[in-house]
Amino acid sequence: FFFQAEDGIRDYKVTGVQTCALPISGRKLIYEARFRLGSVASQNYVFGLGAVGLAANDGVITDAGALASVSFIGFNVLEADSTKLKFVYAKSGQTAQTVFTYSTALAASTWVKAGFIYDPLAPTSKRITAFIDNVEQSTYVTGTNMSAATFPADVYMAPVFSTKNGAASSKTVDFDWFGAAQDGNL
């Protein structure tokens, strides 16, 4: 399986893909993807889990290159800081919350694996754990974060990939695999 998102329209149009929906609720949820950026300049990339219908409704990125006010949890690279991978979440109508910014600058054509695990049975201080290249990151989404109005709790979300290009040249992001799974046991 190889997936490539390209914004070949060369204006502020969005290219996005979305699949089946899973809720962040009382069951363990895992998301992971491996990607590489074709360029680290003048481009916006978002991938993770987003509310159902995002890919058809202009995606997770606004025309101004910011995160849209939609329910989402996952990773982004925005044009304003195009070498930084960030782990973020937001509930529709609320301000996006940045959990952390990955300390290593991204480089074009370099594969990176990013993912997260939501575990309702984990300690409250580590309800969602993110990993970059198989290394657990030291900042977590906590139970307190999840009970705030800004967290997309009990929202059905599906894997989503979105890119939006503000420059007049084609840019790409490649995914050679991704996965999302939820424990069927309550």
> Search all heavy atoms of R36 against all heavy atoms of T110 and return the closest pair with its distance.
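That closest heavy-atom pairing would be CB-O, 3.4 Å.
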
> Would you mind reporting whether L49 and F72 have side-chain heavy atoms less than 4.5 Å apart?
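A side-chain contact is absent here, since even the closest heavy-atom pair is not under 4.5 Å.
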
> Is a donor on one side and an acceptor on the other found under 3.5 Å between the side chain of R127 and the backbone of A122?
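The answer is yes, because a donor-acceptor pair under 3.5 Å joins these two groups.
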
> With salt bridge (Lys or Arg N to Asp or Glu O under 4.0 Å) as the criterion, how do D133 and K113 come out once you've worked through the C-alpha distance, each side chain's angles and the decisive distance to 0.1 Å?
CA-CA 5 Å; D133 288 332; K113 186 164 56 168; over 6 Å; no

> What's the shortest heavy-atom distance between F178 and A33, and which atoms?
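Minimum heavy-atom separation between F178 and A33: CB-CB, 3.8 Å.
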
> Just list the side-chain donor-acceptor pairs under 3.5 Å for residues 88-102, sequence neighbours left out, or say none.
| from | atom 1 | to | atom 2 | distance (Å) |
| --- | --- | --- | --- | --- |
| Q97 | NE2 | T95 | O | 3.0 |

> Which pair of heavy atoms, one from A130 and one from F75, lies closest together, and at what distance?
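Looking at all heavy atoms of both residues, the shortest contact is CB-CZ, 4.5 Å.
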
> Could you please spell out the steps behind the side-chain contact (heavy atoms from CB on, under 4.5 Å) verdict for Y45 and L37?
CA-CA 9 Å; Y45 307 99; L37 306 178; 3.4 Å; yes

> What is the minimum heavy-atom distance between S82 and V77, and which atoms define it?
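That closest heavy-atom pairing would be O-CG1, 3.2 Å.
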
> Residues in side-chain contact (heavy atoms from CB on, under 4.5 Å) with L78, at least two apart?
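Per chain and number, L78 pairs via side-chain contact (heavy atoms from CB on, under 4.5 Å) with N44, L67, N76.
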
> From I128 CD1 over to Y31 OH, what is the distance, rounded to the nearest 0.5 angstrom?
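Those atoms lie 14.0 Å apart.
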
> Would you please test I30 and Q182 for side-chain contact (heavy atoms from CB on, under 4.5 Å) and show each step?
CA-CA 6 Å; I30 300 169; Q182 191 165 45; over 6 Å; no

> Quick check: do E32 and N134 have side-chain heavy atoms less than 4.5 Å from each other?
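Of all side-chain heavy-atom pairs linking N134 with E32, at least one is under 4.5 Å.
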
> Heavy-atom distance under 4.5 Å between the side chains of D174 and F35, does that happen here?
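No, their side chains stay 4.5 Å or more apart.
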
> How long is the span from the OG atom in S71 to the CG atom in D154, to the nearest 0.5 Å?
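Nearest 0.5 Å value for the OG-CG distance: 11.0 Å.
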
> What pair of heavy atoms forms the shortest contact from K28 to I117, and how long is it?
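For K28 and I117, the tightest heavy-atom pair comes out as CE-CG2, 3.8 Å.
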
> Determine whether the aromatic ring centres of F131 and F116 lie less than 6.0 Å apart.
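Not under 6.0 Å, so no.
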
> So, do V160 and V46 sit near enough that their side-chain heavy atoms are less than 4.5 Å apart?
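Not touching, per the 4.5 Å side-chain cut-off.
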
> Ignoring hydrogens and angles, write down the donor-acceptor pairs under 3.5 Å from the side chains of residues 135-144, residues two or more places apart or on other chains.
| from | atom 1 | to | atom 2 | distance (Å) |
| --- | --- | --- | --- | --- |
| E136 | OE2 | Y140 | OH | 2.5 |
| Q137 | NE2 | V135 | O | 2.9 |
| Y140 | OH | Q137 | O | 3.4 |
| T142 | OG1 | T144 | N | 3.3 |
| T142 | OG1 | N145 | N | 3.1 |
| T142 | OG1 | N145 | OD1 | 3.0 |

> Can you name the closest pair of heavy atoms from P152 and M157 and give their distance?
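Result for this residue pair: CG-CE, 3.8 Å.
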
